[in-house]
Amino acid sequence: MITTTTRQHTLRDHLPGRHTARAASSVEHQAMLASRLTARDKWLLALLHEHRVLTSFQIQDTAFPSGRSARQRIRDLYLWRAVSRFQPFQQLGSAPMHYVLGPAGAAVLAAEHGLEVKELGYRHDRAMAIAHNQRLAHTVGVNDFFTSLIARPRHSRADEALVAWWSEARCARHFGDLVIPDGYGRWRTRHPGSTREVEWFLEFDTGTESLTKVGRKLAGYARLAESTGIATPVLVWLPTTRREAGARTALARVHAGLDDPHTVPVATAAADLLDPAAPHPSPAEAVWLPLTSARVSRTGPRYSLADLADAWPGLAPPAGPGTEDSESGDAAAAASPYRLPPPSPFPPRATPNRIARGEH
């Protein structure tokens with residue numbers, strides 16, 4: 001849940017998947033999937049390929065109206081080998097089921113873009129290896145941040161939406177020689193007669209990294225801004241306001257020493273600023289505190305994600321349609337192995353037919 005941050009040490013190991021008969025990924029099986037998989041299913045497969053792992057709660061937040069409908073559909077996808085799953089061990093309570101792209105799902109995704117599975121860069125053992133990865137909690141936390149934003153428009157009266165979401169791996173391909181953000185996002189808000197957008201790079205802190213190291217990352221963002229000529233805000237999400245106060249001190253020290261601090265707008269927020277009892281807590285709320293030389297502490301007005309650009313009056317609005325990858329389309333993806341266009345954060349509508357739902 002976005003209001004809390006899971007620490008890696010709480011995820012000791014994963015429980016084996018339940019023994020369930022699963023169809024083989026054969027030609028006949030792919031033909032069967034052609035009649036069963038909906039546009040929403042294929043979108044979810046693309047999301048899993050892009051972001052590696054999603055929990056059952058995150059999948060529900062992104063595309064389903066209820067937990068029951070999410071469980072029913074994801075069970076079908078699991079039985080068809082479109083997705084695979086594991087459940088990390090927790091000392092207290094039980095972790096949600098975690099899902100990754102399955103062999104049949106990878107075959108469908110590759111065929112959608114005219115690729116072979118090997119060109120997709122997919123291997124099932126590598127996909128499942130996230131279960132043992134020391135950065136599992138961090139990856140799930142980043143995905144929690146973005147999936148809560150995807151879910152927000154369904155529960156908000158405002159006309160707002162997440163219109164771009166890049167994974168860490170995609171950011172690394174584009175900016176890795178200078179800096180590797182944990183993610184990239186773009187938030188759009190529409191008002192009568194106007195549309196506003198704000199884009200950002202995310203730095204997601206679980207509390208295990210030294211605050212000095214967190215601050216040093218700003219130098220990389222300064223080099224990126226100098227290289228591109230674009231000032232992109234850096235949003236730092238922290239687990240607690242106490243951790244945020246320490247991080248702001250470290251960030252301010254580095255930020256003040258940059259050649260041109262205005263090219264690296266920074267804002268911080270903490271998970272415990274959100275109400276865990278609220279029906280749908282989200283980082284879109286008024287929890288963001290810009291970093292300036294006058295505001296190193298926790299004092300000062302906090303901004304919502306939609307209004308955050310007001311904190312930096314000279315900040316140019318984002319250019320382009322949302323992601324440069326999306327401009328290249330499928331042709332560029334096919335010409336460049338291991339790269340697909342980033343999936344849209346907008347989930348397709350559910351397909352209301354018996355076959356698509358797996359009914360007989």
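Residue indices begin at 1 and follow the sequence shown. All values below come from the heavy atoms of this structure, side chains included, with hydrogens, waters and symmetry mates left out.
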Query raised in the report: Where do Thr263 and Asp260 land on the side-chain hydrogen bond (donor to acceptor under 3.5 Å, both in side chains) test, with the steps shown first?
Result: CA-CA 6 Å; Thr263 63; Asp260 189 357; 4.8 Å; no

Can you see whether [X] engages [Y] through a side-chain donor-acceptor pair at a distance of less than 3.5 angstrom?
| X | Y | answer |
| --- | --- | --- |
| Thr208 | Thr206 | yes |
| Arg248 | Thr268 | yes |
| Asp41 | Thr38 | yes |
| His280 | Asp61 | no |

Query raised in the report: Hey, does Phe86 have a side-chain heavy atom less than 4.5 Å from the side chain of Val53?
Result: yes

Query raised in the report: Do Leu273 and Arg302 come within less than 4.5 Å of each other through their side chains, counting heavy atoms only?
Result: yes

Note: [X]-[Y] ion pair, threshold 4.0 Å (strictly below):
| X | Y | answer |
| --- | --- | --- |
| Asp205 | Lys217 | no |
| Arg135 | Glu168 | yes |
| Glu160 | Arg188 | no |

At what distance, to the nearest 0.5 angstrom, does [atom1] of [X] lie from [atom2] of [Y]?
| X | Y | atom1 | atom2 | value |
| --- | --- | --- | --- | --- |
| Ser148 | Glu285 | OG | CD | 9.0 Å |
| Trp80 | Gln30 | CH2 | CD | 12.5 Å |
| Ile74 | Arg85 | CD1 | CZ | 9.5 Å |
| Leu109 | Leu48 | CG | CG | 9.5 Å |

Requested in this report: Would you check if the distance from the ring center of Trp165 to the ring center of His51 is below 6.0 Å?
Outcome: yes

Query raised in the report: What do you reckon, are the aromatic ring centroids of Tyr221 and Phe201 less than 6.0 Å apart?
Result: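 Yes: the rings meet the under 6.0 Å criterion.
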
Query raised in the report: Should we say atom CD of Glu209 is surrounded by more than 12 heavy atoms from elsewhere, each under 6.0 Å from it?
Result: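 Counting other residues, nucleotides and ligands, CD of Glu209 exceeds 12 neighbours.
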
Report task. Apply side chain to side chain contact (heavy atoms under 4.5 Å, CB included) to the pair Tyr99 and Thr55, showing each step before the final yes or no. Result -> CA-CA 6 Å; Tyr99 291 89; Thr55 68; over 6 Å; no

Query raised in the report: Distance under 6.0 Å and angle within 45° of the ring axis: does Arg40 meet both against Phe64?
Result: yes

Requested in this report: Starting from the C-alpha separation in whole Å, work towards a yes-or-no answer on ring-ring contact (aromatic ring centres under 6.0 Å, His included) for His262 and Trp312.
Outcome: CA-CA 9 Å; His262 296 290; Trp312 306 294; over 10 Å; no

Query raised in the report: When you measure from the side chain of His255 to the backbone N and O of Val264, does any donor-acceptor pair fall under 3.5 Å?
Result: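 It does hold such a pair.
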
**Report entry** Ile59 and Thr147: CA distance, side-chain angles, deciding distance, side chain to side chain contact (heavy atoms under 4.5 Å, CB included) verdict
**Finding:** CA-CA 8 Å; Ile59 292 173; Thr147 54; over 6 Å; no

